[in-house]
Amino acid sequence: MTPPEPAVLTKPRQMLQLIGERGERLADPEFDPWVADVDLDQLAALYRDMAVIRRIDTEATALQRQGELGLWPPLAGQEAAQIGSGRALRDDDFVFTSYREHALAWLRGVEPAELLAVWRGTQASGWNPFEHHLAVPQIIIGAQSLHAVGYAMGLTWDGSDAAAIAYFGDGATSEGDVNEALVFAASFDAPVVFFCQNNQWAISEPVGLQSKQPLARRADGFGMPGVRVDGNDVLAVMAATRFALDRARRGDGPTLIEAVTYRMGPHTTADDPSRYRTDDELGAWRSRDPLARVLSALEAAGHDVEALQTEAGSAADRAAADLRAAITTLPDPEPLTVFDHVYAEPNSHLERQRDRYGRYLAMYGEEEAGR
Amino acid sequence: MTPPEPAVLTKPRQMLQLIGERGERLADPEFDPWVADVDLDQLAALYRDMAVIRRIDTEATALQRQGELGLWPPLAGQEAAQIGSGRALRDDDFVFTSYREHALAWLRGVEPAELLAVWRGTQASGWNPFEHHLAVPQIIIGAQSLHAVGYAMGLTWDGSDAAAIAYFGDGATSEGDVNEALVFAASFDAPVVFFCQNNQWAISEPVGLQSKQPLARRADGFGMPGVRVDGNDVLAVMAATRFALDRARRGDGPTLIEAVTYRMGPHTTADDPSRYRTDDELGAWRSRDPLARVLSALEAAGHDVEALQTEAGSAADRAAADLRAAITTLPDPEPLTVFDHVYAEPNSHLERQRDRYGRYLAMYGEEEAGR
Amino acid sequence: MTALTLAKAINAGLRRSLESDDRVVLMGEDIGTLGGVFRVTDGLKADFGAHRVVDTPLSEAGILGTAVGLAYRGFRPVVEIQFDGFIYPAFDQIVAQVAKLHYRSRGTVRMPITIRVPFGGGIGAAEHHSESPEAYFAHTAGLRVVACSNPADAYVMIQQAIASDDPVLFFEPKRRYHVKADVADDASLADARPMGVATVAAPGRDVTLVTYGGLVRTALDAAVAAEEDGVSIEVIDLRSLAPVDHATVEASVRRTGRLVVVHEAGEQGGLGAEIVARVTESCFEYLESAPVRVTGHDIPYPPAKLERHHLPDLDRILDGVDRALGRSNSLSAHPVRPTGDGVEA
Amino acid sequence: MTALTLAKAINAGLRRSLESDDRVVLMGEDIGTLGGVFRVTDGLKADFGAHRVVDTPLSEAGILGTAVGLAYRGFRPVVEIQFDGFIYPAFDQIVAQVAKLHYRSRGTVRMPITIRVPFGGGIGAAEHHSESPEAYFAHTAGLRVVACSNPADAYVMIQQAIASDDPVLFFEPKRRYHVKADVADDASLADARPMGVATVAAPGRDVTLVTYGGLVRTALDAAVAAEEDGVSIEVIDLRSLAPVDHATVEASVRRTGRLVVVHEAGEQGGLGAEIVARVTESCFEYLESAPVRVTGHDIPYPPAKLERHHLPDLDRILDGVDRALGRSNSLSAHPVRPTGDGVEA
Ligand SMILES: Cc1ncc(C[n+]2csc(CCOP(=O)(O)OP(=O)(O)O)c2C)c(N)n1
Ligand SMILES: Cc1ncc(C[n+]2csc(CCOP(=O)(O)OP(=O)(O)O)c2C)c(N)n1
Ligand SMILES: [Mg+2]
Ligand SMILES: [Mg+2]
């Protein structure tokens, strides 16, 4: 499927929507071809994905409240942005995320225990990046954007037609790293998609503090197209991402996508958003719920949404149960593993330190030590 | 003089020129008003400035070749960009430069010895920044752009209508700092002018490696106008800078100016440009000489250019002689001054170190020590 | 006197600095409307306005770089780095500009910038949220580096840091933010102990234990525990990490003849190395045993459930004291060499 | 055997690495067409192409960040930082990513990145061009740090660094770039001394002098000068700065009983602190005098005409040796305390 490329979007239009706020299908001659294959069943499948990940997110938040996790950054509100883009990817595309893209991990087959380990604090990271083509999550804001570009440069040197995708937030666009990533990507025609989830907030800071322009407009000055898409419209997100990936695969270089969405929950479970934003704002965005939007579209098209909801609900229930069950498979790590993997090769200094700490533990007994 | 503001240049036009390559005056309804006061005498004065600074630059290069200076980064070719912008500034505007803007130092009254000290290596810096409203030169590429923005933020908090201006090169636009400076400037409506001298090269790297777009186009995405100006047209540079400064003074925020010019000499006296660029390229730019252009314009307008050249020549001769004479006023510094000004307040550790080194010098005798 | 938590004591100190000098401005991510993720700047934007307490874009180099420009303009910026692990993007501006500009400008340009950094572990945080980067800055000429350990000091020291004409890295032990103690908020700053002077937090006779920040409390607990065991530990709260108040440290070591340095940061090139080296150089004849370092391991900060196996705690400190005293300790069990250092490469 | 300058030896080593492993790529500013400002990569782009020897945009964080991505993709990036003072913009990517990703990914993601850094002073350069930032990296867990001092080592060590599965900071003493010596370019890498092992550059009996990089040559000259004076100096070229080959250093100190550490970097928190601390801990009973540090001052790098008053040179090294030996020295003239350390605060 390679529809004709849209006129290059040097100046991003208002905002790409394929499903309107009341579920109506909006025609878009440039982007419709990119999702021409998405029939009602596939749209339903996207709904199911979103329902499951929303439930996983709710359950993880609950687990944190119950003390089973140290922290959790909820994705609630951003389901369409993450599922729509994630479902556009090929397995061999490599994904570099920040800390909030749990949907990407789930889509790429990460196990519940692998997903939770880092938030429970039992492991530095959950999964093997090469099994899932998914890097370890990144907490240093924006740093991963450069990693994606480097990986993408490597792809071209290897003659691969896979792509890399970097997820980051609206706040991240102010970091030097993200800007340098745009520079490198353009200079080397790197097959990379910059996927910015503009969820309106960087902790307590509104996006207007980072930029007075729509973020997608940054793209042009760096020499790449920028697409501003309704991030709560899963179909539009998918279309935009496919468009960008196709550009990458064909050697046309990078694209910046700004998915306009909203973080419905707190920044993390440690955050209290009532200190910086209003109920009105929250309410306004609640009415743009990405799941409800797909349901309306399906309903309007005559799909059996009740059956879908039931089915998705039980898939979500299973996922939640799996998640909760996974906690028990995450015991506290062995003390001396604290020294594992600092280096790939033997290191005399660290071996001495490990040996000494081992003796210390042996003397004091593991029980007492390190209280 | 506050002519009507040009339509905001969200999309920089090709390139602003007010004097064409053969000296012809090109009408520009938007920018002409900004230099309506520049009569032939003033244009002649700009020529004189450029002639003097070119001669200073040549002399300093010679001084380096003769071993009197450790290094010199020549500005040859960039006279119009530096003089045209520098002459647009008010005395109380604060200037943050990189290492190549000797014209700015000269325009702002820096003494020859102050200009040379740092390149001779006798002092960490030459002048008192507050005497000339001119920061110490910056070698860390791009770092000064943020300083200018911070200073400009302070100007608004102080209710001043002065502005700050940051000079940097084409290569600098790839550094995170410059991009973060654009972000901060836009967010705080800082009265700052970003003056990028695109001299086509960052040492051996052509500007195309940093950006495939004209650099002025970066501006729009960050939420400010970008002006691309012929950097070898002193009148156009002055118009663009005045326009940007006026925006700053009126509270309209930052502007990015890209002055398209050429570094005719080596990157520094340590560089060998024949390794990376062709004689043809050099020749093409030689025919766009900024001084010759003004002369043609003056000649076309009936100004006595021969008298002007004679007069400018002797001013340049005097400046060169002053420069050479200044060398003798720059003796090697006293050894223990190496400890001066590390801290503004007493510091026990450093005082101990200074004391010990003083004893060392006393014991070995200053002559032998530190050979 | 008011009983305040460490976080509130810093808040009170910031407030006083904002009141007493209108060139003081606070800058950082989430410090305004939110009052900081630790609420250290709570209420200050409401009271002093958005030009004095500035929420900045999300860019640490940008924060420090604009602070430099503000210092050029005569302001005294107090910047917050949200967590220790996020200071590195600003490293260039700190090391090449903030630290050096006074020197580079031959004393004409002052950089009275205070860089507040919540630091250290012990709160079960995610990665990059528990770093101890102080040694990087202590090794950087032109900077001053301090760490507070208790509310009373924090209240005074933050004001002293802001009043200093030199740039100051101000490390705040985040795991002690909620510890409460009396603060002399009515006393004059002029009478306060200078920021550069260390404190003998507990006097003792047998061994000198030097630490700072979050581990001072742990060291004091260790001193109490040791007392029961008949060992008298003198605990020195360093407060200033650069320069170090060697006079106080060395005077103590000359009396006790033994030194233990404790910190969370890794051992290799940590502050303990400097203190051991300096004390050894200055007090060689007084030392009765080799100085001992009890530190975090030389590893990236481990996941939360392992941090107790990384951070020095009471038992590890006491084990270090035992080493200094030549008492039975974790390394003496199987001594391979007379120094008790059994596993040389 | 071929006689090569240090710069050409590194060039030859890079060439061999490029030949023997097609995942090796070189990246940096001006390294391609120009061949680097020191010509260390001269000719390599012409011979291996623009995909193996990559001129990058002017952004150090960008270089390191994309190198991380390339490492994810299985490449072995060798990046050049043009001068020591330009490494700081990349500090975050180095410290938070390059150093930690192997740990953070539980050993699944390797970071075989070599970071070449021309370092140190002595060439009369402009500011930011003569820094010695090695201690920052030696204090960073996850990194290895090495410094070469001569062409033979440089040729081998650069290949070893590139072959290492750990990230390596590779410091090149720029003031020795043009020193020529024989290089065993026909020998097998497998037989070479491992990168982590120090070298006894000159054997001696009376005092152990530890240094690295550009000052090894100066130390050897000092040893020759001291010999005439009846003093036998053992010069150890550290080569690996993290981890330090303490076995070699300590074996020497156990014989000589005296230690002098020399480096260009500032004293406070410099590598000398670590070595003195570690030797003191391990060899306390063997030490006959307090270890001595001879270092650059704790100042920003001074203007060129003053650098000779900043850098340790032959005379300052010998003065340090005299201190270690208890001979008349710059501090003994007016001893205030028995240690000869006369100006305590
Ligand atoms: C370099 C760095 N600075 C600061 C932080 C602290 N921090 C964590 S998340 C966050 C806000 C990020 O906002 P955004 O990029 O919009 O992503 P979102 O959280 O909204 O998904 C901040 C400031 C960090 N993690 N890294
Ligand atoms: C952070 C940093 N990286 C690298 C360098 C080395 N360097 C000095 S000048 C230069 C090129 C700068 O090019 P440009 O910004 O176009 O300015 P120009 O020299 O052309 O005026 C480079 C790479 C530096 N000084 N600072
Ligand atoms: Mg956000
Ligand atoms: Mg340039």
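Naming: A, B, ... by sequence-line order, numbering from 1 per chain.
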Undergrad: If I measure from the heavy atoms of chain C, does D:Leu271 come under 4.5 Å with its side chain, its backbone, both, or neither?
TA: neither
Undergrad: With a 4.5 angstrom heavy-atom cut-off, could you sort out which part of D:Thr140 is near chain C: side chain, backbone, both or neither?
TA: both
Undergrad: Quick one: of C:Glu131, C:Glu60, C:His297, who has the most non-hydrogen atom pairs under 4.5 Å with chain D?
TA: C:Glu131
Undergrad: Between atom CD1 of C:Ile87 and atom CG of D:Asp92, what is the distance when rounded to the nearest 0.5 Å?
TA: 11.0 Å
Undergrad: For D:Val95 and C:Tyr136: C-alpha separation, side-chain torsions, deciding distance, then whether side-chain contact (heavy atoms from CB on, under 4.5 Å) applies.
TA: CA-CA 11 Å; D:Val95 165; C:Tyr136 296 134; 4.0 Å; yes
Undergrad: Using a cut-off of under 4.5 Å for heavy-atom pairs, which of C:Pro302, C:Ala90, C:Pro133, C:Pro303 has the most such pairs with chain D?
TA: C:Pro302
Undergrad: Grab the two heavy atoms, one from C:Glu281 and one from D:Pro291, that are nearest each other, plus how far apart they are.
TA: CG-O, 3.1 Å
Undergrad: Taking all atoms of both residues into account, what is the closest heavy-atom pair of D:His139 and C:Ser132, and its distance?
TA: NE2-O, 4.5 Å
Undergrad: Start with the C-alpha distance between C:His128 and D:Lys100, add both sets of side-chain angles, then the distance that settles side-chain contact (heavy atoms from CB on, under 4.5 Å), and finish with yes or no.
TA: CA-CA 10 Å; C:His128 310 294; D:Lys100 294 189 172 67; 4.3 Å; yes
Undergrad: Which atom pair, heavy atoms only, marks the closest approach of C:Tyr103 to D:Tyr301?
TA: CE2-O, 4.0 Å
Undergrad: Name the member of D:Thr248, D:Thr280, D:Val261, D:Val244 that forms the most heavy-atom pairs with chain C at distances under 4.5 Å.
TA: D:Thr280
Undergrad: For the candidates C:Ala96, C:Ser289, C:Gly85, C:Gly142, which exhibits the highest count of non-hydrogen atom pairs separated by less than 4.5 Å from chain D?
TA: C:Ser289
Undergrad: Please classify the contact of C:Glu288 with chain D as side chain, backbone, both or neither, using a heavy-atom distance under 4.5 Å.
TA: backbone
Undergrad: Given 3.5 Å as the limit, does a donor-acceptor pair link the side chain of D:Gln268 with the main chain of C:Ala141, or not?
TA: no
Undergrad: Check whether D:Ile94 gets within reach of chain C through its side chain, its backbone, both or neither, counting any heavy atom under 4.5 Å.
TA: neither
Undergrad: With chain C, which of D:Val279, D:Ile275, D:Leu287 has the greatest number of heavy-atom pairs at distances under 4.5 Å?
TA: D:Leu287
